[in-house]
Each structure stands twice: as C-alpha cells, then as structure tokens.
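Everything on this sheet refers to the single structure shown next.
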Number of protein chains: 2
Amino acid sequence: MAAKGSTKASKAELFMRSNLAQELEFLVARMRAAGSARANKALEPLGLKVRSYSVLSLACDDVSPTQRDLADFLSLDPSQIVPLVDDLEKRGLVTRIPDPADRRSKVVIATDAGQRLYTEARKATARSEAEALTMLSEAERAQLRDLLSRVALATP
Amino acid sequence: MAAKGSTKASKAELFMRSNLAQELEFLVARMRAAGSARANKALEPLGLKVRSYSVLSLACDDVSPTQRDLADFLSLDPSQIVPLVDDLEKRGLVTRIPDPADRRSKVVIATDAGQRLYTEARKATARSEAEALTMLSEAERAQLRDLLSRVALATP
DNA sequence: TTTAATTCTTGAAAAAGTCAATGGTTTATT
DNA sequence: AATAAACCATTGACTTTTTCAAGAATTAAA
C-alpha cells in the first residue's frame with residue numbers, strides 16, 4: 001500500500017492530540033460510553049442493565065434507600081425510578097416497604113433472591129471494570145478511584 | 001429538632017460508603033451527568049450543547065474530521081452526526097467539504113464565524129470544568145486528566 | 001469485472017429524559 | 001388546632017436521544 005496521506009494509526013494519534021481530547025468533560029463522556037456499553041453486555045445474561053443493577057446494588061446495601069434517594073444518588077428523575085423498581089419487584093428481587101417514619105416514602109429492599117443475583121452481578125461488573133483498566137497499575141487505579149470519588153461525590 | 005434516626009447529612013455519608021459508590025462505572029456516570037448538565041448550561045447562551053460544541057471543536061482543530069471520524073471519536077452513531085452538522089452548517093459555523101481522496105466522505109471544517117464562536121465556547125467550558133474541580137489541587141487535576149485520558153483514549 | 005465494504009443519509013421504532021399534575025402525607029405557620 | 005406549604009410516588013404527555021435497517025454513491029478486494 002502506498003502512502004495515502006494519513007494512515008489509520010496516525011489519524012487516531014492526531015485526534016488524541018486535539019483540543020477536545022484534553023477536556024475532562026469529553027474524556028468522562030467517552031469513558032462512560034465505553035464503560036456502560038461493556039457493563040451492559042456483562043450484565044445481560046443476568047437480565048440486568050447498568051440502571052437496574054445500580055438500583056439492586058443499593059437495595060442490597062444497608063442504606064435503606066427511598067425512591068427519592070435512588071433518584072438523587074443515581075442522577076435520575078424520580079419518575080424514572082418507578083419502572084425500574086417495578087421490573088425488579090415483578091421479578092421478586094426487591095420489595096417496596098412503606099417507610100414507617102414517613103409514609104410518603106417507600107424504601108426499596110432486596111429479597112434473598114435479589115441478594116443472590118446481586119452477588120453474581122457484582123462479579124460481572126468487577127470483571128468489566130478490570131477489563132477497562134488494564135492499562136493502569138493497581139496504584140494508578142486506586143488513585144483514579146480516589147480522585148473520581150472526590151469529584152463525583154462532592155456535595156453540590 | 002429531635003434526633004430522628006438519621007439526619008440528611010449522615011444519610012449522604014451512608015450512600016457514599018455504599019458498595020456502588022466504590023464502582024468506577026458509577027462514579028464516571030455520575031460525574032458525567034453533573035458535568036454535562038453544567039456544561040450545557042454554560043454553552044446555552046451561545047446556542048450550543050455539549051454535542052454540537054464537540055463537533056465544532058474538532059472542526060476547528062487541524063484534524064480534518066470526516067463525519068465517520070466524528071461518530072467514532074464522539075461515541076455516536078453516524079446517523080446522529082448528520083443533524084448536528086446540519087444545524088452548525090445552517091448557522092454558517094461549519095462547512096461540509098467532500099474529501100477529494102475519498103468522495104464518499106465529507107470533511108467538516110469550521111468557518112471563520114465557527115472559529116470565533118468556538119473561542120468563546122471554549123472559555124465557557126473551561127469555566128465549567130474549573131467549577132467542577134474546585135476540590136482538587138492543580139497537581140491532582142493534572143493527575144486526573146492523565147489517568148482519564150489513558151483510559152478513555154485507549155485503542156479498543 | 002464482479003463482489004464486498006464503506007460513507008452519508010433517511011426513516012422508523014425503542015429507549016431515555018423532561019415536566020406538570022395528582023393523591024396521600026408530613027412539616028411549617030398562624 | 002387549623003390552615004397552608006412542601007414533599008413523595010406515580011401517571012401521562014411530550015421531547016430528545018438512541019438504535020437499526022435500508023439505500024445511493026463510491027471505493028476496495030477477489
């Protein structure tokens with residue numbers, strides 16, 4: 001093959017040096033696109049997506065999340081939580097428990113079946129995350145996790 | 001006010017310690033949600049969104065992106081690029097130039113007006129990014145940028 | 001030359017996001 | 001205590017985004 005102006009490899013490098021590629025917002029969006037595609041694939045055999053997995057995870061945790069809590073923490077509209085919990089509840093993975101302290105709220109708690117499925121799902125997302133981070137050392141992964149959590153969990 | 005079991009502050013801390021909050025995928029999704037909301041607001045006065053800004057940025061750069069390049073680099077379907085470029089082109093900010101080397105492709109290049117708007121828009125996104133990173137030192141921001149770019153720009 | 005791939009584009013369908021309104025409940029104000 | 005204001009889950013309408021498949025034009029491979 002003769003020189004054709006630009007090979008595929010050098011073009012990729014060109015894009016990596018673009019101004020946009022230096023912007024954090026772009027890098028985060030790109031990482032999220034690749035990451036959620038990969039995670040969705042890993043979760044598919046379990047009948048979960050990133051969204052429903054996130055709800056299930058919090059329902060398994062000891063945080064006793066109300067649906068409002070879920071909406072806030074997952075950056076979703078409260079109306080989006082409804083069908084997510086509906087689906088998990090229909091499948092017997094979580095239950096809505098009216099909060100005794102505030103009967104407006106419903107706390108979403110995992111059933112035993114939900115806990116078991118979560119254990120499997122967590123393995124899948126861990127593998128998926130490891131795949132995404134092969135180019136980083138263990139120390140670098142810890143560093144990235146620390147920096148990201150400080151930014152992502154900052155109280156607005 | 002009497003102790004009510006859990007204050008709002010301690011509940012937030014509880015969520016921050018949840019298993020989900022340790023997952024990179026989740027942190028990235030959350031950071032992206034907050035970041036793109038903020039950036040969209042910052043770009044609104046200029047008639048841009050994160051998407052159209054990204055296209056404009058690459059059209060201003062010296063990478064001569066085809067629409068396919070834009071789709072790949074921005075993690076979008078090629079059919080999503082069409083209306084984005086349509087809009088920018090209607091506003092006289094970019095032009096579609098048929099690639100002489102491959103007449104199937106169209107290279108998207110910014111006009112002078114596009115370059116000028118981009119200069120303003122870049123200031124807005126820079127401010128937006130700075131707002132999001134107030135809790136990090138300059139060294140930590142550089143570190144985060146480095147780690148993120150190594151992950152987000154890795155050749156799949 | 002024929003076949004296969006690729007690029008842009010269109011259009012349809014599914015999924016996700018936004019927003020206002022409602023019934024039931026709690027908090028704040030008077 | 002009574003009234004008003006605020007809040008939660010849910011519904012429904014609406015817009016935007018995403019995903020796919022197909023087609024015309026062009027290039028690459030056989």
Side-chain angles (χ1 to χ4, degrees), chain A residues 1-2 4-8 11 29-30 32-34 36-37 40-41 43-44 48-55 59 64-90 94-109, chain B residues 1-2 4-8 11 29-30 32-34 36-37 40-41 44 48-52 54-55 59 64-90 94-109:
Chain A
M1 173 195 286
K4 184 101 185 311
S6 67
T7 70
K8 216 172 188 183
K11 189 149 198 179
R30 206 176 131 111
R32 181 256 177 184
S36 82
N40 275 328
K41 232 171 239 170
L43 289 169
E44 196 190 341
L48 293 173
K49 296 184 183 183
V50 170
R51 286 288 167 77
S52 45
Y53 166 77
S54 300
V55 170
S64 299
T66 66
Q67 295 187 196
R68 160 63 64 174
D69 290 335
L70 292 172
D72 290 344
F73 201 57
L74 300 178
S75 314
L76 296 176
D77 190 89
S79 65
Q80 295 181 270
I81 301 294
V82 177
L84 282 172
V85 175
D86 281 350
D87 174 60
L88 293 175
E89 196 174 40
K90 262 176 218 140
V94 306
T95 54
R96 285 176 163 97
I97 300 179
D99 187 346
D102 183 347
R103 303 212 310 282
R104 287 172 301 183
S105 307
K106 299 178 185 174
V107 177
V108 179
I109 301 292
Chain B
M1 172 196 292
K4 185 98 186 315
S6 68
T7 70
K8 214 171 186 182
K11 187 148 197 179
R30 204 175 132 112
R32 181 256 178 184
S36 82
N40 276 326
K41 231 170 238 168
E44 195 190 340
L48 293 174
K49 296 184 182 180
V50 170
R51 287 287 168 76
S52 44
S54 300
V55 170
S64 298
T66 67
Q67 296 187 196
R68 160 63 64 174
D69 290 336
L70 293 171
D72 290 343
F73 200 57
L74 301 178
S75 314
L76 297 175
D77 190 271
S79 65
Q80 294 180 271
I81 301 296
V82 176
L84 282 172
V85 175
D86 281 350
D87 174 61
L88 294 176
E89 195 174 40
K90 261 176 216 138
V94 306
T95 53
R96 285 177 162 97
I97 301 181
D99 186 347
D102 183 346
R103 302 211 312 282
R104 288 172 299 184
S105 307
K106 299 178 185 175
V107 178
V108 179
I109 301 291

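Lettering of chains follows the sequences in order, A, B, ..., and the numbering in each one begins at 1. Bear in mind that the values here come from a model prediction, so they are computed numbers and not experimental data.
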> Base, backbone or nothing for each nucleotide of nucleotides 18-23 of chain C, written B, S, -, heavy atoms under 4.0 angstrom, 5' to 3'?
Replying inline: BB----
Just how far, in rounded Å, is [atom2] of [N] from [atom1] of [X]?
X	N	atom1	atom2	answer
B/Asp86	C/dT9	CG	C1'	9 Å
B/Asn40	D/dT15	CG	C1'	15 Å
A/Ile81	D/dT11	CD1	C1'	16 Å
A/Leu74	C/dA16	CG	C1'	14 Å
A/Asp72	D/dC7	CG	C1'	12 Å

Could you work out which one of [options] sits closest to the side chain of [X]?
X	options	result
B/Lys106	C/dA5, C/dT9, D/dT17	C/dT9
A/Asp102	C/dC8, C/dT6, C/dT26	C/dT26
B/Ser105	D/dT11, C/dC8, C/dA16	C/dC8
B/Leu76	D/dT18, C/dT10, C/dG24	D/dT18
B/Arg104	D/dT26, D/dT17, C/dG17	D/dT26
A/Arg103	C/dT25, D/dT17, D/dT10	C/dT25

> Side chain of B/Arg68, base of C/dT7: donor and acceptor closer than 3.5 Å?
Replying inline: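 There is none.
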> For the residue pair A/Ala33 and B/Ser75, what are the closest heavy atoms and their distance?
Replying inline: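 In terms of heavy atoms, the two residues are closest at CB-CB, 3.8 Å.
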>> If you compare all heavy atoms of B/Ala29 against all heavy atoms of A/Arg32, which two are closest, and at what distance to 0.1 Å?
In response: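 Of all heavy-atom pairs spanning B/Ala29 and A/Arg32, the closest is CA-CG, 4.0 Å.
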Side chain to side chain contact (heavy atoms under 4.5 Å, CB included) partners for [X], two or more places apart:
X	answer
B/Lys41	none
B/Ser54	A/Leu20, B/Val50, B/Leu74
A/Asp69	A/Pro65, A/Thr66, B/Lys11, B/Phe15
A/Glu44	none

> Given side chains that start at C-beta, do those of B/Arg103 and B/Pro98 come closer than 4.5 Å, heavy atoms only?
Replying inline: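 Not touching, per the 4.5 Å side-chain cut-off.
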> Heavy-atom distance under 4.5 Å between the side chains of A/Val108 and A/Gln67, does that happen here?
Replying inline: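 Yes, close enough: below the 4.5 Å cut-off.
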Would you tabulate the pairs of protein nitrogen or oxygen atoms and nucleotide nitrogen or oxygen atoms of nucleotides 1-5 of chain D closer than 3.5 angstrom?
none

> What residues, two or more places apart in sequence or in another chain, satisfy side-chain hydrogen bond (donor to acceptor under 3.5 Å, both in side chains) together with B/Asp86?
Replying inline: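 B/Asp86 satisfies side-chain hydrogen bond (donor to acceptor under 3.5 Å, both in side chains) with B/Arg96 once adjacent residues are dropped.
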> Which residues satisfy the side-chain hydrogen bond (donor to acceptor under 3.5 Å, both in side chains) test with B/Arg68, sequence neighbours excluded?
Replying inline: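 Testing B/Arg68 for side-chain hydrogen bond (donor to acceptor under 3.5 Å, both in side chains), a comparison that skips the adjacent residues, returns none.
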>> For A/Asp99 and A/Arg51, find the nucleotide of DNA chain C closest to each by heavy atoms; which residue's nucleotide sits nearer the 5' end?
In response: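 The residue mapped nearer the 5' terminus is A/Arg51.
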> For residues 74-83 of chain B, which residue pairs qualify under salt bridge (Lys or Arg N to Asp or Glu O under 4.0 Å), counting only residues two or more places apart or in two chains?
Replying inline: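 Residue pairs with at least one partner in residues 74-83 of chain B: there are none.
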>> Going by the rule salt bridge (Lys or Arg N to Asp or Glu O under 4.0 Å), which residues pair with B/Arg104 if we only count those two or more places apart in sequence or in a different chain?
In response: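 With sequence neighbours excluded, B/Arg104 shows a salt bridge (Lys or Arg N to Asp or Glu O under 4.0 Å) to B/Asp102, given in chain and number order.
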> Using rotation axes that map the C1' atoms of four end pairs onto the next four (five pairs an end), what angle separates the end axes of the helix from C/dT1-D/dA30 to C/dT30-D/dA1, to 10°?
Replying inline: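 So the angle between the two local helix axes works out to 40°.
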